[in-house]
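Throughout, a chain's letter reflects where its sequence line sits, starting with A, and its residues are numbered from 1.
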2 protein chains.
Amino acid sequence: MDIKIVDVARLANVSPTTVSRVLNNNPIVKPKTRDAVLKVIEELKYVPHAAAKNLRQQKTMTIGVIVSDIKVSYNTDIVKGIQTKAYAQKYKVVICDTQNDLDIEREYLRLLMDRSVDGIILVASLLPEQEIVDLAERGFAVGIIGRRIDRANVLNVHTDNVSAAKEAVEHLIGQGHRDIVFLSGYANAKDSYDRLEGYIKALGMHSIPFRPELVENGNFNETGGYEAFARLKEKGLTFSAVFSANDEMALGVYEYCNEKKIGIPGEVAIVGVDNDRVSKYLTPSLSTIDQPKYDMGFLLAEKLIRSMNGEAEVPRVSVLNSRLIVRQSSTTYSR
Amino acid sequence: MDIKIVDVARLANVSPTTVSRVLNNNPIVKPKTRDAVLKVIEELKYVPHAAAKNLRQQKTMTIGVIVSDIKVSYNTDIVKGIQTKAYAQKYKVVICDTQNDLDIEREYLRLLMDRSVDGIILVASLLPEQEIVDLAERGFAVGIIGRRIDRANVLNVHTDNVSAAKEAVEHLIGQGHRDIVFLSGYANAKDSYDRLEGYIKALGMHSIPFRPELVENGNFNETGGYEAFARLKEKGLTFSAVFSANDEMALGVYEYCNEKKIGIPGEVAIVGVDNDRVSKYLTPSLSTIDQPKYDMGFLLAEKLIRSMNGEAEVPRVSVLNSRLIVRQSSTTYSR
DNA sequence: TTGTAAGCGTTATCAC
DNA sequence: GTGATAACGCTTACAA
């Protein structure tokens, strides 16, 4: 437990420097010496002390990932992508879960600024854009996934929410719907705003008037979706379809419909966003927009690592394509 | 970015020691000095360097959690419990995802042995018991969740798998079933073995002969469950119920039944284990054994922190109760 | 109440 | 090829 490099050095009859060289695979050491040292390391079960190494080298080979909620499959899929790239490059990954709380997110950020990580990735971040920019300006390697942001030194991978939403709504229109609800997320979330834009565009392309009363906020979670849908119903509004800015809120709609015996998709068709793990298991299975979550994580990790390694020409922003997965909840002919 | 304690000290006209005292809330510093120092810290946006601090103090205030798969809700629920306790005590949490690969698990373990964490928690670990014991013997603070293990210096929280399985199977028997399949996990998993024991006990208590041909291995995953169930069906065995050692495998059974139009619970009743996030969304909803995952995480984190702080009398092993959640998949009268 | 100086365990630099 | 030595940035005796 408290064996250090000098202990190894002593037992192997070499200097600490040599041991260090062996540890770092410096090819200059004579094979014979190297083997002797390795034997002692094995014998003593020596493990280098990370803090000492980090202090001396001023880097940690670790990436910090700040996630809104580790239980959401959208986030974990992204994390998987990050991990895969990171490990391949010998980077470790530290995951921090903010529980969707902006203050906790800030606290974590401060925590990670102690240089225990070489770079930071934000997933589903609530942080105001300016604070992210500040971070970058202070010299930290920062990337953000899922949210569109185009600022100096901030790496970004996102999907085109506008056109994805448009595709989803057009799909509903194609199924014969004209009165389509839009369930939005937090008002301040750009994601949500973009989806609204796509929704309006789709309506416009088919000459369907935009009815603002059909837009309701469900705060991106199940309960919020339930309540938003309940409000719409209780107002007595007429509509035959729902486009939900994420699958979680759609779950709330399912629940409400179950309780009130409202048939899906017969009486209400639904399309969500995120392709959450549960959505394909629902009855009826939920149509949704699938984002290439894993790839987004992988790609941003790659960008970040390249930029941490001093590469100047790392493309700052990448846009990946999402795709509509049509399942039972939006198709009248099946079931 | 590279502001250090001396820079703060210089600007505040004090010694580095005083700055350090302010940072660590040492009450001995005069309020006036303290304020002056804080102002400079703020001004310079100084953040202490973790590696230097860790090196000097020989601790990191970080707990490492090694998890089999971050996508499985069983794991994330536990992690949430760990986090909550840890953060309350000012500990950070590092999550490592082994992707159910024993070699990756070993690699992570080696990584964490560099003293970048003060203690290690294993969740759904595949590691042979002896290796865990070795870890503890080398002086690391180690805890393991979900798997029963009673060895010196290894902290443990688990549930009583035997009686939980017994309860589930007795529930099925109570519903009139006598020919009950047991879908097991990896052969070497103690968890799975315990559940088998409970299964056999329950049969015994109701004088139902144990039929070994009704036990099939599904490797704890969806595909495995599908295939195991298919093998049973193709052998032409008769049975009216399935007890699956986890919910994932039950998903496979659902899939098979869907394809072959086998009615659940009419033709086959099913009970799983884990209360996975998806299980309540299935149709029919899946009866399952719910373990207090969050509490398990919380409790083990508490044990670990206490033991890292040198408390001698930390109870090594705790057993929590799981409970049967009866849903539609095992009750003939409903739906 | 504050400051001086040593030391945590590595690795980088420079000799040999 | 190998080794002595300084330095990374902080905390903690001990002194003042």
Side-chain angles (χ1 to χ4, degrees), chain A residues 1-38 40-41 44-62 90 110-118 139, chain B residues 1-38 40-41 44-62 90 110-118 139:
Chain A
M1 190 64 174
D2 24 24
I3 290 153
K4 33 197 144 177
I5 206 167
V6 289
D7 301 320
V8 176
R10 203 146 27 214
L11 208 67
N13 281 313
V14 295
S15 73
T17 310
T18 299
V19 178
S20 173
R21 286 194 184 105
V22 171
L23 288 168
N24 295 285
N25 294 312
N26 188 326
I28 212 174
V29 292
K30 206 166 28 170
K32 210 168 157 180
T33 325
R34 161 189 212 76
D35 291 346
V37 170
L38 284 175
V40 175
I41 288 174
L44 262 42
K45 294 186 190 296
Y46 164 73
V47 180
H49 195 296
K53 183 176 177 134
N54 293 345
L55 176 58
R56 180 62 236 227
Q57 305 200 131
Q58 299 288 54
K59 66 175 179 185
T60 62
M61 295 300 285
T62 305
K90 303 287 179 199
R110 216 165 315 148
L111 222 55
L112 295 186
M113 301 210 308
D114 67 0
R115 276 140 292 183
S116 54
V117 299
D118 298 339
Chain B
M1 190 64 176
D2 25 23
I3 289 151
K4 33 197 145 179
I5 205 167
V6 289
D7 300 321
V8 177
R10 203 147 26 216
L11 209 67
N13 281 314
V14 294
S15 73
T17 311
T18 299
V19 178
S20 172
R21 288 194 183 105
V22 170
L23 288 168
N24 295 286
N25 294 313
N26 190 325
I28 212 176
V29 293
K30 204 163 33 167
K32 209 169 156 181
T33 326
R34 161 190 213 74
D35 291 346
V37 171
L38 284 175
V40 176
I41 288 174
L44 262 42
K45 293 190 191 292
Y46 165 71
V47 179
H49 196 294
K53 182 175 178 139
N54 293 345
L55 178 57
R56 178 62 231 232
Q57 304 200 133
Q58 297 288 54
K59 65 175 181 184
T60 62
M61 295 300 286
T62 305
K90 305 284 178 202
R110 215 166 314 149
L111 223 53
L112 296 186
M113 300 210 308
D114 67 0
R115 277 141 292 185
S116 54
V117 298
D118 298 338

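- At a cut-off of 3.5 angstrom, the base of C:dG9 holds no donor-acceptor pair with the side chain of B:Arg56.
- Closest to the side chain of B:Val14, from the set D:dT2, C:dG3, D:dC10, is C:dG3.
- Contact annotation: A:Asn54 does not reach the phosphate of D:dC8 (side-chain N/O to OP1 or OP2, under 4.0 Å).
- Using a 3.5 Å distance cut-off with no hydrogens or angles, the side chains of A:Arg34 and A:Asn25 do pair a donor with an acceptor.
- Here the options are A:Asp118, A:Val117, A:Thr62, the test is side chain to side chain contact (heavy atoms under 4.5 Å, CB included), and the partner is A:Leu112; only A:Val117 passes.
- OP1 or OP2 of D:dG9 has not a single side-chain nitrogen or oxygen of B:Tyr46 nearer than 4.0 Å.
- Nearest-nucleotide positions on DNA chain C place A:Pro48 closer to the 5' end than the other of A:Arg21 and A:Pro48.
- Side chain B:Thr17 to base C:dT4: a donor-acceptor pair is found below 3.5 Å.
- Summarising the geometry, the separation between CD1 on A:Ile5 and P on C:dT10 is reported as 5 Å, rounded to the nearest angstrom.
- Contact between the side-chain N/O atoms of A:Lys53 and the OP1/OP2 oxygens of C:dT10 is not found at any separation under 4.0 Å.
- Classification of B:Asp35 and B:Lys32 as a salt-bridged pair fails, no side-chain N sitting under 4.0 Å from a carboxylate O.
- In this structure, the NZ atom of A:Lys59 is 17 Å from the P atom of C:dT10, given to the nearest Å.
- The interatomic distance linking B:Asn13 (CG) with C:dT1 (C1') rounds to 16 Å, in whole Å.
- Using a 4.0 Å cut-off, no side-chain N or O of B:Ser20 falls inside it from OP1 or OP2 of D:dT12.
- Separating the NZ atom of A:Lys4 from the C1' atom of C:dG7 is a distance of 10 Å, rounded to the nearest angstrom.
- Atom-to-atom, CG of A:Asn26 to P of C:dT10 comes out at 17 Å; the value is rounded to the nearest Å.
- If you check C:dT2, C:dT10, D:dT11 against the side chain of B:Ile28, the one that comes closest is C:dT2.
- Between B:Gln58 and the phosphate of C:dG9, there is a side-chain N or O to OP1/OP2 separation shorter than 4.0 Å.
- Applying side chain to side chain contact (heavy atoms under 4.5 Å, CB included) to B:Ser20 and the options B:Asn24, B:Thr18, B:Thr17, B:Val22 leaves one that passes, B:Asn24.
- Protein atom NZ of B:Lys30 is 14 Å distant from nucleotide atom C1' of C:dG3, rounded to whole Å.
- We find that CG of B:Leu23 is positioned 14 Å from C1' of D:dT12, with the value rounded to whole Å.
- In this structure, B:Gln57 reaches the D:dT12 phosphate: one of its side-chain N or O atoms is under 4.0 Å from OP1 or OP2.
- Distance, A:Asn24 CG to C:dA12 P: 7 Å, rounded to whole Å.
- No donor-acceptor distance shorter than 3.5 angstrom exists from the side chain of B:Arg115 to the backbone of B:Leu55, with no hydrogens or angles considered.
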